[in-house]
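Structure record follows, encoded as structure tokens.
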Amino acid sequence: MKHIEIIRCPVCECDDLMKNGHSLNGTQRWYCKGCRKYFQRSFTNKGCLPEVKEQVIEMATNGSGIRDTARILGISPHTVINEIKKNAIRN
């Protein structure tokens, strides 16, 4: 008996998806027809995880340094800087 896993969009929780090729490291990419967003289910780079991005912004607003944040989260200082810049542009 096969176990069927239902894949849902992480943005809108819609299950109307279609495959959209592969990323450079070979993981499957998906396209959500509901919110028209592209996503992939697994990340090999820890800095790409949404939870880690949230932690970077939270630590920066609480006064943690770039090197401290990178060391604690196990990501590159460049990733920390880029995420802070992105957040500054959005706000």
Side-chain angles (χ1 to χ4, degrees):
M1 183 164 100
K2 279 192 168 184
H3 180 276
I4 298 174
E5 182 181 358
I6 298 175
I7 301 169
R8 296 194 181 276
C9 175
V11 178
C12 69
E13 296 294 323
C14 177
D15 63 351
D16 191 13
L17 307 172
M18 76 183 202
K19 290 183 178 182
N20 188 36
H22 292 84
S23 65
L24 292 175
N25 63 5
T27 58
Q28 181 70 55
R29 293 184 67 220
W30 296 87
Y31 174 74
C32 176
K33 294 179 182 178
C35 64
R36 298 181 178 174
K37 301 276 184 184
Y38 297 93
F39 68 94
Q40 61 189 43
R41 293 181 57 209
S42 62
F43 293 98
T44 55
N45 185 357
K46 195 174 177 185
C48 293
L49 294 171
E51 303 87 40
V52 173
K53 291 181 178 187
E54 282 181 20
Q55 286 180 326
V56 167
I57 300 306
E58 185 176 325
M59 290 177 76
T61 56
N62 289 331
S64 293
I66 292 170
R67 289 183 182 169
D68 291 335
T69 303
R71 185 178 61 249
I72 291 168
L73 298 177
I75 58 176
S76 167
H78 296 288
T79 305
V80 175
I81 292 170
N82 288 339
E83 194 56 39
I84 292 171
K85 284 181 183 178
K86 285 180 196 175
N87 190 42
I89 291 172
R90 282 187 226 138
N91 294 334

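None of the values given here were measured: they were computed from a predicted structure.
- Between Phe39 and Trp30, the ring-plane angle classifies as parallel under the 30° and 60° cut-offs.
- Following chains of ILVMFWY side-chain contacts shorter than 4.5 Å, one can reach Val80 starting from Leu49, so the two form part of one hydrophobic cluster.
- Side-chain contact between Tyr31 and Lys37 is absent, with no heavy atoms from C-beta onward closer than 4.5 Å.
- The distance from atom CG of Asp15 to atom SG of Cys32, rounded to the nearest 0.5 Å, is 9.0 Å.
- Of all non-hydrogen atoms in Lys46 and Val52, the two that sit nearest each other are O-CG2, 3.5 Å.
- Annotation for Gln40 and Gln28: closest pair CB-O, 3.5 Å, computed over non-hydrogen atoms.
- Residue-environment remark: NE2 (His78) stays at or below the threshold of 12 foreign heavy atoms within 6.0 Å.
- Between Ile57 and Glu83, the closest heavy-atom pair is CD1-O, 3.7 Å.
- Contact between Pro77 and Ile66 at its shortest, heavy atoms only, is O-CG2, 3.8 Å.
- In this structure, Thr69 contributes its side chain and Gly65 its backbone to a donor-acceptor pair below 3.5 Å.
- When every heavy atom of Ser76 is checked against every heavy atom of Ala70, the shortest pair comes out as C-CB, 3.9 Å.
- With hydrophobic clusters built from ILVMFWY side chains whose heavy atoms lie under 4.5 angstrom apart, Leu17 does not share a cluster with Tyr38.
- At least one side-chain heavy atom of Leu73 sits under 4.5 Å from a side-chain heavy atom of Met59.
- Here the CD1-CG distance, from Ile84 to Asn87, works out to 8.5 Å after rounding to the nearest 0.5 Å.
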